[in-house]
Asker: 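Right, I'll just put the structure down here and ask away after.
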Amino acid sequence: MNIVITGASEGIGAALATQLGARGDRVVLAARRERELSEMAARSGPRALAVPTDVTRRAQVERLRVRAIDALGHIDVWVNNAGRGVSKLVAELTDDEFDSAMRDNVKSALYGMQAVLPHFLARERGHIINVSSFLSRVPMVSIRSAYSAAKAALNSLTANLRTDLAGSHPGIHVTLVMYTNPAHAVVAQRYFSDVDEFERATRLP
């Protein structure tokens, strides 16, 4: 498969790129840091392509789509993984910090969805994957308030796009992945009064 991954220079994106490359998929890696991105591409299979991209800039995301199609012929999967945390309590957030959280975590994914969707519509198939966070559903880490809010907005955009396409374009899939770590899961179970309440709060619609 031909797969585009944003935020691919480290973390989830880097791990995904190396695993997909190892199984034989052709991956296009996007991130801002060119040196780290090139190093990850070298570990992601002989056909991996690094495309330095600032995904908070719509024109650069459009260019990423063009580069990927030129190199691969078509795109099967687009993973919007890029994002960044802001560690501030609600009472301490500045305008710039809140705006950056929305730009880095929501607008970047919106640009990706809007960039690749016409290509998927023309082919009548494709898969958009948006990487969110457990904190978007259970915002129990108050220092990550803006990050949690931004990821909640991403969840809504993802659900709306899925609904828009489900009836008319069943070959195009839209998936939300909510990342967490074991520490968050343990704290969350203490956050709710019982297991049923925890499961209801974390269940996707």
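Predicted model only: the values in this text are computed from it and were never measured.
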Asker: Once rounded to the nearest 0.5 Å, what's the spacing between atom CG of Asp95 and atom OG of Ser100?
Answerer: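 If I round to the nearest 0.5 Å, the distance is 11.0 Å.
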Asker: Are Val4 and Val116 close enough, and set up right, to give a side-chain contact (heavy atoms from CB on, under 4.5 Å), and what steps lead you there?
Answerer: CA-CA 10 Å; Val4 175; Val116 77; over 6 Å; no
Asker: Using a 3.5 Å distance criterion without hydrogens, assess whether the side chain of Glu36 forms a donor-acceptor pair with backbone atoms of Ser9.
Answerer: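 No; zero donor-acceptor contacts below 3.5 Å.
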Asker: Kindly state each residue pair satisfying salt bridge (charged side-chain N to carboxylate O under 4.0 Å, His left out) with at least one member in residues 62-71, sequence neighbours excluded.
Answerer: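 Pairs touching residues 62-71 that pass the test: Glu62-Arg65.
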Asker: Spell out, yes or no, whether Tyr179 and Val86 are grouped together once hydrophobic residues are joined by side-chain heavy atoms under 4.5 Å, including indirect joins.
Answerer: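 Result: no, two separate clusters.
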Asker: Of all the heavy-atom pairs spanning Ala82 and Gly7, show the shortest one and how long it is.
Answerer: CB-N, 3.7 Å
Asker: Taking side chain to side chain contact (heavy atoms under 4.5 Å, CB included) as the definition, give me every residue that meets it alongside Ser156, ordered by chain and number, with sequence neighbours left out.
Answerer: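 Scan of Ser156 (side chain to side chain contact (heavy atoms under 4.5 Å, CB included), adjacent residues dropped) gives none.
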Asker: State the OG-CZ distance between Ser148 and Arg137, to the nearest 0.5 angstrom.
Answerer: 13.0 Å
Asker: If you draw a 6.0 Å radius around CD in Glu97, do more than 12 non-hydrogen atoms from other residues or ligands fall strictly inside?
Answerer: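 More than 12 within 6.0 Å, yes.
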Asker: Could you give all pairs that pass the salt bridge (charged side-chain N to carboxylate O under 4.0 Å, His left out) test and reach residues 14-27, with sequence neighbours left out?
Answerer: Arg23-Asp25
Asker: Is there a chain of hydrophobic side chains (I, L, V, M, F, W, Y, each step under 4.5 Å between heavy atoms) that links Val79 to Leu37?
Answerer: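 Linked within one cluster.
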Asker: Within this structure, what is the CG-OG1 distance for the pair Asp54 and Thr6, rounded to the nearest 0.5 Å?
Answerer: 11.0 Å
Asker: Nearest heavy-atom pair of Asn155 and Ser132: which atoms, and what distance?
Answerer: OD1-OG, 2.7 Å
Asker: Roughly how far, to the nearest 0.5 Å, is CG of Leu161 from CE of Met113?
Answerer: 6.0 Å
Asker: Looking only at heavy atoms, which two atoms of Thr53 and Val61 are closest? And how far apart?
Answerer: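 In terms of heavy atoms, the two residues are closest at CG2-N, 4.2 Å.
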Asker: With heavy-atom distances below 4.5 Å as the criterion, would you say the side chains of Asn130 and Val177 are in contact?
Answerer: no
Asker: Among pairs that include at least one residue of residues 100-122, which meet salt bridge (charged side-chain N to carboxylate O under 4.0 Å, His left out), considering only residues two or more places apart or in two chains?
Answerer: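 Qualifying pairs: Arg84-Asp104.
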Asker: Applying a strict under-4.5 Å side-chain criterion to I, L, V, M, F, W and Y, I'd like to know whether Val55 and Ile3 cluster together.
Answerer: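 Result: no, two separate clusters.
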Asker: Side chain of Ser133, backbone of Leu135: donor and acceptor closer than 3.5 Å?
Answerer: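 Present.
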Asker: Over all heavy atoms of both residues, which pair between Gly112 and Asn80 is shortest? Give the atoms and the distance, please.
Answerer: CA-OD1, 3.6 Å
Asker: Supply the atom-to-atom distance Met1 CE to Leu20 CG, rounded to the nearest 0.5 angstrom.
Answerer: 9.5 Å
Asker: If we ignore hydrogens and angles and just use 3.5 Å, is the side chain of Asn105 paired with the main-chain N or O of Lys151 as donor and acceptor?
Answerer: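 No, Asn105 side chain to Lys151 backbone: no donor-acceptor pair under 3.5 Å.
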Asker: Return the minimal non-hydrogen interatomic distance between Phe120 and Trp78, and the atom names on each side.
Answerer: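 Distance-wise, the nearest heavy atoms are CZ-N, 4.2 Å.
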Asker: Please say yes or no: joined through hydrophobic side-chain contacts below 4.5 Å, possibly via intermediate residues, are Leu121 and Leu64 part of one cluster?
Answerer: yes
Asker: So which heavy atom on Gly167 is nearest to which on Pro170, and how close?
Answerer: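 Shortest heavy-atom separation between Gly167 and Pro170 comes out as O-CD, 4.2 Å.
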Asker: Restricting to pairs with a member in residues 37-50, which pass salt bridge (charged side-chain N to carboxylate O under 4.0 Å, His left out), not counting sequence neighbours?
Answerer: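 Listed by first then second residue: Arg35-Glu39.
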Asker: Mark yes or no for whether Asn81, through its side chain, and Ile5, through its backbone, hold a donor-acceptor pair below 3.5 Å.
Answerer: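 No; zero donor-acceptor contacts below 3.5 Å.
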Asker: Determine yes or no for a side-chain-to-main-chain donor-acceptor pair under 3.5 angstrom, with Asp76 supplying the side chain and Gly126 the backbone.
Answerer: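 No, Asp76 side chain to Gly126 backbone: no donor-acceptor pair under 3.5 Å.
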Asker: Going only through I, L, V, M, F, W and Y residues with side-chain contacts under 4.5 Å, is there a path from Ile75 to Ile172?
Answerer: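 Yes, Ile75 connects to Ile172 through the hydrophobic network.
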Asker: Passes side-chain contact (heavy atoms from CB on, under 4.5 Å), Leu49 versus Leu29? Steps please.
Answerer: CA-CA 6 Å; Leu49 174 66; Leu29 289 71; over 6 Å; no
Asker: Taking only residues two or more places apart in sequence, or in another chain, which ones meet Arg58 in a salt bridge (charged side-chain N to carboxylate O under 4.0 Å, His left out)?
Answerer: none
Asker: Can you tell me how far CG of Leu117 sits from CD1 of Ile128, rounded to the nearest 0.5 angstrom?
Answerer: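 Spacing of CD1 (Ile128) from CG (Leu117) equals 5.5 Å.
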Asker: Can you check whether Lys88's main-chain N or O pairs, donor with acceptor, with Ser145's side chain at less than 3.5 Å?
Answerer: yes
